[in-house]
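The basis for the numbers below is simple: all heavy atoms, side chains too, and nothing from hydrogens, waters or symmetry mates. Order of the sequence lines fixes the chain letters, A, B, ..., with proteins taken first and strands second; residue numbering starts at 1 for each chain.
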2 protein chains.
Amino acid sequence: MFATSVASPALPEALWPVPASTLRWDSQEHLFHEGDPVSAIFTIESGAVVIYRTARDGCRQIHGIRFQGELVGIGYNVTYGVSAVAVRPTSARAVSRATLDRLLDNDPTLARQMMRALTSELRRTSNLLMVIGSRTAIGRVAACLIDFSNRAADSDDTFVLPLSRGEMGDLLGLTIETVSRAMTRLKVLGIIALRRTDTVTIRKRATLLALAEEDGDGAARGRLCACSEARCTRYPPNEMTTTENRRPPVH
Amino acid sequence: MFATSVASPALPEALWPVPASTLRWDSQEHLFHEGDPVSAIFTIESGAVVIYRTARDGCRQIHGIRFQGELVGIGYNVTYGVSAVAVRPTSARAVSRATLDRLLDNDPTLARQMMRALTSELRRTSNLLMVIGSRTAIGRVAACLIDFSNRAADSDDTFVLPLSRGEMGDLLGLTIETVSRAMTRLKVLGIIALRRTDTVTIRKRATLLALAEEDGDGAARGRLCACSEARCTRYPPNEMTTTENRRPPVH
DNA sequence: GCGACAGCTTGACGACGGTCAATGATTTAG
DNA sequence: CTAAATCATTGACCGTCGTCAAGCTGTCGC
């Protein structure tokens, strides 16, 4: 859900031949905190990093998770706009802000790559916003699973969840319990299989996709309770002819 | 809520002395649609533009509104990642993508400005995500009003709503009715005053701010029903000592 | 093996907000 | 001024999901 084919990929390592040092973090260690002065930007070599922000009242909103080959901390600002924490042992190459700034002066190509990377970051946040803004719990979880499965390097339909239930909740704007119930429901419906609570096998990808996109194609409708005919009708889907995202607002 | 002091401002017009033509749109006319090839980026001279995306099922998620001096369409990609529609008669200067690309080759400063603008765009989307991900209806509406009041050029506490109830709903992930109820509640509580349904006066800014940030400082709590003591406890606020956004995740 | 602990699951309950429907307010056309 | 259209408001109803509180499962140390 959060990565898309439209968005540009992260900078390939081959195109990133700049002075960099490799750093390591244990699980739960922070790469940086929101508000810290920007010291460097990072390319993950191995592991996984969660990007998040914390509201005043302590609510945490995870913005996404980044894996090998992806960039972390690329906001071009004085301070980091998000926090970044490793969720498993992680190594990453750090390019200092000073180095980056120096290179940017002489390399328009690098600037373009940074712009593309920022655009990609924006796209992912936008995608998450779409999911949280209009999907119900099971739709959000479905979208999350689809995303993980697309990004996992494992065999196509089985992968290990990189996030705990609580972290998935913080990502999707749900509670632990609601995430758990959604997972259980997906399991009971035979859409996924679970082993050890963190190993997922997608059994009915089409159905899962439908849930993630709330296509409402009869079958198991998006609701956790699966008993309502209602769907998101903030804008009724009376113009679903266009295959691509192209739909003027009702006025 | 969506603009922040942390984020960099849009490019000042003075720093944008590039070949540009001024275009005009009536209310409800599109500047561009998501998926269109990027032809230009725009600096609004007057009017207001809504940025949005439409989900497959027809749900519209407004990402934000842009006013005079702000940029629209700055994603650095082949196609636009969002749609943009004028919500009142609007004029904007268009810098073609070709021109931009030519200038980027020779002007590292411009590249930096673009990166800052993209970072600002990212920040706004992130802020909206924070609001939608964890605030209840009245908190979302409160945050929206605070944002409008901060950005309005009018007298400090009175401003004209640039969005209809329905558009506010599409922005905040709520229905028209819920937005309306929240506005009414804010009015009944004496926190705002309404004239002609689109002219708002903020009477108790501190309270409105508290609602927007769910500080839960006694007084009128965030709920529409105002009878529950419960608050967002996805991550209990047991560490609210830090004044700024700095809070390690619970592990 | 056992106990302790963390994370996950499941149930009960109720509030929030979506849905449907009717009414009211404002604007525009004639 | 009246009619029509659009938008906003208000009410009734109920599904979803947050909350609270058990119980369950798997892991770790010993």
Nearest-nucleotide pick for A/Arg181, side chain only, options being C/dT9, D/dT19, D/dT9: D/dT19
Where the side chain of B/Ser180 is concerned, which of D/dT27, D/dC17, D/dT9 is the nearest nucleotide? D/dT9
Rounded (10°) bend between the five-pair end axes of the helix from C/dG1-D/dC30 to C/dG30-D/dC1: 40°
Starting at atom CG of A/Leu163, determine the distance to atom C1' of C/dC8, rounded to an integer number of angstrom. 15 Å
Could you work out, with side chain to side chain contact (heavy atoms under 4.5 Å, CB included) as the rule, every residue matching B/Leu163, not counting sequence neighbours? B/Val50, B/Ile65, B/Phe148, B/Glu167, B/Met168, B/Leu171
Would you indicate which nucleotide in C/dG18, C/dC8, D/dT9 comes nearest to any side-chain atom of B/Thr178? C/dG18
Pair A/Ser46-A/Ser91, side-chain donor/acceptor within less than 3.5 Å: yes
Using whole Å, what does the distance between atom C1' of nucleotide D/dA8 and atom CG of B/Asp198 come to? 11 Å
Listed pairs, N/O of protein and of nucleotides 21-23 of chain C, under 3.5 Å:
none

With a 4.0 Å cut-off on N to O distance, would you call B/Glu70 and B/Arg151 a salt bridge? yes
Have A/Ser83 and A/Arg53 got a donor and an acceptor in their side chains that come within less than 3.5 Å? no
Can you tell me how far P of D/dG18 sits from CG of A/Asp57, to the nearest Å? 14 Å
Please state whether the rings of A/Tyr80 and A/Phe32 are parallel, tilted or perpendicular, taking 30° and 60° as the class boundaries. parallel
side-chain contact (heavy atoms from CB on, under 4.5 Å) partner of A/Phe42, the single match among A/Leu23, A/Thr22, A/Thr90: A/Leu23
Would you kindly give the CG-to-C1' distance between B/Leu174 and D/dT9, to the nearest whole Å? 16 Å
Indicate whether any N or O donor in one side chain lies under 3.5 Å from an N or O acceptor in the other, for A/Thr201 and A/Arg195. no
What's the CZ-P distance between B/Arg185 and D/dT10, to the nearest Å? 12 Å
Under 4.0 Å: is that the gap between some side-chain N or O of A/Thr184 and OP1 or OP2 of C/dT10? yes
Using atom CD1 of A/Ile176 as one end and atom P of D/dC20 as the other, report the distance to the nearest whole Å. 13 Å
Answer yes if the side chains of B/His63 and A/Ser126 hold a donor-acceptor pair under 3.5 Å, and no otherwise. yes
Give a yes/no on whether any side-chain N or O of A/Thr175 is located under 4.0 angstrom from OP1 or OP2 of D/dG18. yes
Would B/Asp170 and B/Arg165 pass as an ion pair if we require N to O under 4.0 Å? no
Which is more 5' along DNA chain D, the nucleotide nearest A/Arg196 or the one nearest A/Val179? Just name the residue. A/Val179
What is the distance, rounded to the nearest whole Å, between atom CZ of A/Arg195 and atom P of D/dT27? 12 Å
Grab the CE-P distance between B/Met183 and D/dA8 for me, whole Å please. 10 Å
